[in-house]
Amino acid sequence: MLRHAHWWQHKWVRYGALITLLVLSGLVILALVREQTGTEGFLVGLGLAVLPVPLLIAAFRWLDRVEPGPWRNLVFTFAWGACAAALIAIVANSFAVRWIATATADPAHADTLGATVIAPVVEESAKAAAILLVFLFRRRDFTGIVDGVVIAGVTATGFAFTENILYLGNAFGTDQLTGDGGIASVTVATFFVRVIMSPFAHPLFTVLTGLGFGIAALSGERQRVRRVVLPLCGLFLAMLMHALWNGSATFGDWGFFAVYGAFMVPAFGVLTWLVVWTRQRELGTVRDELPAYTAAGWLSPAEPYALGSMRARRVARQYARRHLGRPAARAVAQYEAYATSLAFLRHRGRNGRGGADFVVRERELLNELWRRREVARPALEHASRLTAPLPVYGAYGMHGGYGGYGYPMGAVPPQPGYYGYPGYASPQPQASYTPHPQPTPYPQPSYPHPHQS
């Protein structure tokens, strides 16, 4: 007998509750910040704090170009950082500092302790909650290190946005009281330190937590201890670096610059290198895994190389847009994203991390590729011819390909399947197709239903 889901288990109820929570948090944080800065200070702080946000979001989207995550995840994490995490931080930090000041009768010591101990623990925990929610409830979108870095970075960008409004608004209020203006004003000094010198500070801290979750996402389902310990280690490192940054003001007149030069800049450089290196490895995974689907007839011989090159992907989208318009370019971009997800899924399967829904998910991705093949294939093959280092021969003639990814004409490709994970039989692709298909973004041809070999 089927059991009906309770009303609170419906997806729309959960979404509604989450949106309501974020909206209420946003209204409360707006009122609190405006109360502290005044209306004029709030508007000035808002105008200045928004400047680094597009640049940071663009940087994280660039890192995520290999397998772009859905926008809804980024919107949620930014909203969580700007509203929920900021509200938790303001309330918890204020309460803790007041309690310490009352207990010790030393307000100065309470402020120092709040900045160096309380704030890092509270703020990093509040931001980590967004990463945890995506990790638990959007598992398909959270598959590795880059996903962890992007989600953590966007969350921290939202948090820093709200915090900068508060700091810059208060600085403007101070200048209004003292009558200072120009370069010597507190507003300019605060803007220089927070927006020019260290816009990456909060993202850098929280990215350490994201790295922990990202490495945990690469672990197998049975490695439960690792999946718990790694995020906690990342969170601890984030708190430690945050505490060091906040405590730099207590190290003397040059303490801030010493910490900035000795720790922040090198850490930023190392993390940037690590993420870019990971992104290149992801492209290598695409080139390594997709030829199996070429052998089965799902992809043309030129596609694995083109899909494993960011330059070739861009050329393919431009080609589709130039000949068929924006809908075709979107279809090619979707084809690239689905093919990348397929390559990552197969890679996880070969390493014993495919999951119980491997076959179902593989079928879904292959069907999505098949729906868009008439638009995407000509564009990708054109891109391959323009960007590939070596030409190869395949079932469709001569293509620009990558080394052995093509199969010489007359050769019999190997059958798909590996380590117990069944592949799919060839869908019997046509030997040729129109190089300039009709401009329909989602072609719907009839094709034999694939079956397990």
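All residue numbers in this chain count up from 1 along the given sequence.
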Exercise answer: donor-acceptor pairs, residues 63-72 side-chain atoms, under 3.5 Å, sequence neighbours excluded:
| unit_1 | atom_1 | unit_2 | atom_2 | d |
| --- | --- | --- | --- | --- |
| D64 | OD2 | G69 | N | 2.8 |
| E67 | OE1 | T143 | OG1 | 3.4 |
| E67 | OE2 | S341 | OG | 2.8 |

Listed partners of A316 passing side chain to side chain contact (heavy atoms under 4.5 Å, CB included), at least two apart: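 So A316 forms a side chain to side chain contact (heavy atoms under 4.5 Å, CB included) with V332, E336, A379, L380, A383.
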Short N-O contact, E282 and R279, less than 4.0 angstrom: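 No salt bridge links E282 with R279.
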NZ/NE/NH1/NH2 to OD/OE distance under 4.0 Å, E123 and K127: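 No salt bridge links E123 with K127.
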Evaluation steps, side-chain hydrogen bond (donor to acceptor under 3.5 Å, both in side chains), between T209 and E124: CA-CA 8 Å; T209 305; E124 294 307 322; 4.6 Å; no
Parallel, tilted or perpendicular, as decided by the 30° and 60° cut-offs, for the rings of Y260 and F200: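 Geometry flag for Y260 against F200: tilted rings.
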Aromatic ring pairing H202/F205, orientation class (parallel under 30°, perpendicular over 60°, tilted between):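 Correct class here is perpendicular.
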Partners meeting side chain to side chain donor-acceptor pair (under 3.5 Å) with R226 (sequence neighbours left out):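 Scan of R226 (side chain to side chain donor-acceptor pair (under 3.5 Å), adjacent residues dropped) gives S219.
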For a 4.5 angstrom cut-off between non-hydrogen side-chain atoms, does [X] reach [Y]?
| X | Y | answer |
| --- | --- | --- |
| L230 | F213 | no |
| R346 | L342 | no |
| Y293 | L290 | yes |
| L345 | L365 | yes |

Side chain to side chain contact (heavy atoms under 4.5 Å, CB included) evaluation trace for L22 with W80: CA-CA 7 Å; L22 292 176; W80 181 278; 3.9 Å; yes
Considering non-hydrogen atoms only, spot the tightest contact between [X] and [Y] and give its length.
| X | Y | answer |
| --- | --- | --- |
| L283 | L307 | CD2-O, 4.5 Å |
| A243 | T116 | CB-O, 3.1 Å |
| R317 | A333 | CD-CB, 3.8 Å |
| I131 | G210 | CD1-N, 4.2 Å |
| A306 | A312 | O-CB, 3.5 Å |
| R287 | P304 | CG-O, 3.7 Å |

Audit row: L136, F142, side chain to side chain contact (heavy atoms under 4.5 Å, CB included) steps and yes/no: CA-CA 9 Å; L136 294 178; F142 204 132; over 6 Å; no
Separation of H242 NE2 from L237 CG (nearest 0.5 Å):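 Interatomic distance, L237 CG to H242 NE2, rounded to 0.5 Å: 14.5 Å.
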Side chain E303, main chain S300, donor-acceptor under 3.5 Å: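 Answer holds: yes.
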Residue pair I29, T162: steps toward the side chain to side chain contact (heavy atoms under 4.5 Å, CB included) verdict: CA-CA 8 Å; I29 197 70; T162 300; 3.8 Å; yes
Audit row: R313, T340, side-chain hydrogen bond (donor to acceptor under 3.5 Å, both in side chains) steps and yes/no: CA-CA 11 Å; R313 289 186 178 200; T340 304; 2.3 Å; yes
Test ring pair (Phe, Tyr, Trp, His ring centres under 6.0 Å) applied to W245 and F263, step by step: CA-CA 9 Å; W245 174 251; F263 293 96; over 10 Å; no
